[in-house]
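Accompanying notes for the structure given below.
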Amino acid sequence: MPYIYNPLYSHFQGDKLTRTELMERTTIDTILKSKVREEKRSWGKTFELKHASAVTQIGRILAQKRGLDSDLAAIMCTMHDIYVFTTGRTTDHAHKSATIAEKLLHRTKRFTEAEIKLIRGAIYNHSDKHIVSKNPYYELVKDADVLDCGLYDGVHDAYVYEKPREICKKYFKRIKDVRRELRMPKDSRWDSVEYVEQGKGYLAKGRY
Ligand SMILES: [Fe+2]
């Protein structure tokens, strides 16, 4: 098949990207170009690519439903884990991602100080999913992030494994609330902070 150029949509190619597309491509390039080897990464690059993309699209959906700016939502969602994508490490990644995102946004000269402050703040706070803030964008990134993670098999029990019980309850409430908002079917796993996936998926295969 010959290459067909469509002048009406970039497909993320070339130098005429919108600023939202530019930040999405910058994020994906960060993952693809990261030199940290797969076995040294906290997450596989496959997950990083899937998660960055999925959270961005969920962010757009939530922004439309909530009457928020869909482009700003997409940008904060796409970059929310940029430190992990750069270094392969997850420790304190919300705060460190915020610093990296701020630098990348400044460099483009396509964002106002107020926009950068808002994007930075949403990324900085995104790991505090047990806290409900008054900022709708901060809440949007937390919701999009946790909803995507909760769509994978094994993640329920992984949360139970790694998070204190009270925090876990708040995470699961957040997942249930977003699922309800999007009129998704009830998933009873999120009613329990016990291991409920044992015997299936990861645990059955001896992953943990
Ligand atoms: Fe995330």
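Start at 1 and go down the list; that is how both ligands and their atoms are numbered. Predicted model, so just to flag it, every value in this text is computed and none were measured. Sequential numbering from 1 along the given sequence is applied to the chain's residues.
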Salt-bridge contact K142-D145 (side-chain N to carboxylate O under 4.0 Å)
no
Could you work out the complete set of other residues in the hydrophobic cluster of Y124, with links drawn between I, L, V, M, F, W and Y side chains under 4.5 Å apart?
none
Name all residues meeting the ring-ring contact (aromatic ring centres under 6.0 Å, His included) criterion together with F47; count only those two or more places apart in sequence or in a different chain, and write none if there are none.
W43, H51, Y152
Return yes if some donor-acceptor pair links the side-chain N/O of H156 with the main-chain N/O of R189 below 3.5 Å, else return no.
yes
Classify the side-chain pair H11/N6 by whether it contains a donor and acceptor separated by less than 3.5 Å.
no
Under 2.8 Å from the Fe ion (ligand 1) - protein N/O/S, by chain and number
H51 NE2, H80 NE2, D81 OD2, D145 OD1
Partner set under side chain to side chain donor-acceptor pair (under 3.5 Å) for K163, not counting sequence neighbours
none
